[in-house]
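Beneath this line is the structure, given in structure tokens, with notes to follow.
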Amino acid sequence: GAHQNPSQEERAAFANDIGADLLLSLHIDGSPSPHACGIATFHFGTDSGATSTVGETLAGLVQRELVARTRFADCRVHHRPWDILRLTRMPAIQVEMGYLSNPVERDRLLSSDFRNQLADGILVAVKRLYLDGRDDPHTGTFTFSDLLAHERRIRDSADLAPGRSGLVPVAAGADQF
């Protein structure tokens, strides 16, 4: 039915209604040509210069992480005025993560390990959006587990600074993303 495949406008409205911080629209592409290949990421923008600067930054981070991890062709970051990107009140991106019509990419996309690699890259890119960038490992080398350990080390070193007790209250689920 219609609600099993909501329109771009409905998806944007849902993200707005729940007060989402980001909208990530993930797609796998297809083409009449079996040679079409690669990853592309889109953010809101128009040819006249209007753009989502945070969306553009996130799109660049996601694109770099996914291309580095997959070695798929880099089809780059692009601006588009699509409803899914334009109608949200938060930064939004759309990621085209390869082509099912390309036999090589299809085989990789069907692998759960490969899909986990894609998910890891997207999670790390989102986290990088909020990091200060100092001492960041190279693109494509940071796993989500590494990222959590990195954050714990930073938190622990701040907690042991002079004048701090070193005791940190921990809420249930505090180690979760």
Side-chain angles (χ1 to χ4, degrees), residues 1-12 14-15 20-47 51-88 90-131 133 136-150 176-177:
H3 291 342
Q4 292 176 348
N5 189 16
S7 68
Q8 288 188 6
E9 185 175 85
E10 291 169 319
R11 291 170 199 254
F14 178 74
D21 295 320
L22 298 170
L23 183 137
L24 309 172
S25 182
L26 308 178
H27 294 247
I28 297 174
D29 218 337
S31 171
S33 170
H35 302 291
C37 61
I39 295 173
T41 308
F42 301 88
H43 63 90
F44 171 73
T46 66
D47 289 338
T51 191
S52 165
T53 55
V54 177
E56 184 175 7
T57 300
L58 178 58
L61 292 167
V62 167
Q63 183 72 15
R64 283 196 337 255
E65 286 291 336
L66 294 184
V67 169
R69 290 163 192 273
T70 65
R71 303 288 186 226
F72 278 13
D74 184 355
C75 297
R76 299 197 271 285
V77 171
H78 305 276
H79 65 268
R80 294 290 185 270
W82 297 335
D83 285 350
I84 191 76
L85 306 174
R86 181 178 55 84
L87 297 175
T88 57
M90 75 287 305
I93 63 170
Q94 181 168 312
V95 186
E96 300 291 344
M97 300 183 296
Y99 285 79
L100 284 177
S101 52
N102 179 303
V104 173
E105 290 189 359
R106 180 182 55 243
D107 287 347
R108 291 191 66 199
L109 288 162
L110 291 174
S111 160
S112 62
D113 287 341
F114 184 74
R115 290 190 309 272
N116 286 337
Q117 195 177 12
L118 290 168
D120 215 34
I122 292 167
L123 284 170
V124 168
V126 168
K127 290 295 284 179
R128 283 184 188 271
L129 182 66
Y130 297 104
L131 291 174
D136 254 3
H138 295 291
T139 299
T141 64
F142 219 8
T143 67
F144 193 62
S145 298
D146 294 339
L147 183 66
L148 291 175
H150 177 73
Q176 301 299 316
F177 173 70

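Source: prediction; values computed, not measured. Scope of the values below: all heavy atoms of this structure, side chains included, with no hydrogens, waters or symmetry mates. Numbers for residues simply follow the sequence, beginning at 1.
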Do the side chain of [X] and the main chain of [Y] share a donor and acceptor less than 3.5 angstrom apart?
X: Ser101; Y: Ser31; answer: yes
X: Gln8; Y: Ile84; answer: yes
X: Thr51; Y: Phe44; answer: yes

Quick one: list whatever passes side chain to side chain donor-acceptor pair (under 3.5 Å) with [X], sequence neighbours left out.
X: His27; value: Ser25
X: Gln94; value: Glu96
X: Asp21; value: none
X: Thr46; value: Ser48

Work out which heavy atom in [X] is nearest to a heavy atom in [Y]; give both atom names and the distance.
X: Met90; Y: Ala15; result: CE-O, 3.4 Å
X: Pro103; Y: Pro34; result: CD-O, 3.7 Å
X: Ala40; Y: His78; result: CB-CD2, 4.4 Å
X: Arg71; Y: Ala68; result: NH1-O, 3.2 Å

Legend entry - Candidates Val62, Leu22, Val77 - the one meeting side chain to side chain contact (heavy atoms under 4.5 Å, CB included) with Ile93: Val62
Value rounded to 0.5 Å, distance of [atom1] in [X] from [atom2] in [Y]:
X: Leu26; Y: Leu24; atom1: CG; atom2: CG; result: 6.0 Å
X: Leu23; Y: Thr88; atom1: CG; atom2: OG1; result: 6.0 Å
X: Asp113; Y: Gln117; atom1: CG; atom2: CD; result: 8.5 Å
X: Ile122; Y: Leu58; atom1: CD1; atom2: CG; result: 9.5 Å
X: Glu65; Y: Asp120; atom1: CD; atom2: CG; result: 8.5 Å
X: Leu87; Y: Glu9; atom1: CG; atom2: CD; result: 6.0 Å

Legend entry - Asp29 side chain near Leu100 side chain, heavy-atom distance below 4.5 Å: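 No, their side chains stay 4.5 Å or more apart.
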Legend entry - Summary of side-chain hydrogen bond (donor to acceptor under 3.5 Å, both in side chains) pairs that have at least one residue in residues 102-111, sequence neighbours excluded: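 Sorted result for residues 102-111: empty, none.
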Inset, instruction - Please test Val95 against Phe42 for side-chain contact (heavy atoms from CB on, under 4.5 Å), starting from the C-alpha separation and ending with a verdict. - result: CA-CA 6 Å; Val95 186; Phe42 301 88; over 6 Å; no
Legend entry - Crowding at CZ, Arg115 (>12 non-hydrogen neighbours, <6.0 Å):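 Counting neighbours around CZ of Arg115, more than 12 heavy atoms of other residues, nucleotides or ligands fall under 6.0 Å, so yes.
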Inset, instruction - Check the pair His43 / Arg80 against side-chain contact (heavy atoms from CB on, under 4.5 Å), numbers first and verdict last. - result: CA-CA 6 Å; His43 63 90; Arg80 294 290 185 270; over 6 Å; no
Inset, instruction - Applying salt bridge (charged side-chain N to carboxylate O under 4.0 Å, His left out), name anything that partners Asp83, two or more places apart in sequence or on another chain. - result: Arg86
Legend entry - side-chain hydrogen bond (donor to acceptor under 3.5 Å, both in side chains), paired with Thr41, selected from Gln63, Glu56, Arg64: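 By the side-chain hydrogen bond (donor to acceptor under 3.5 Å, both in side chains) criterion, Thr41 pairs with just one of Gln63, Glu56, Arg64: Gln63.
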Inset, instruction - Decide yes or no on ring-ring contact (aromatic ring centres under 6.0 Å, His included) for Tyr99 and Phe72, but give the supporting numbers first. - result: CA-CA 10 Å; Tyr99 285 79; Phe72 278 13; 9.3 Å; no
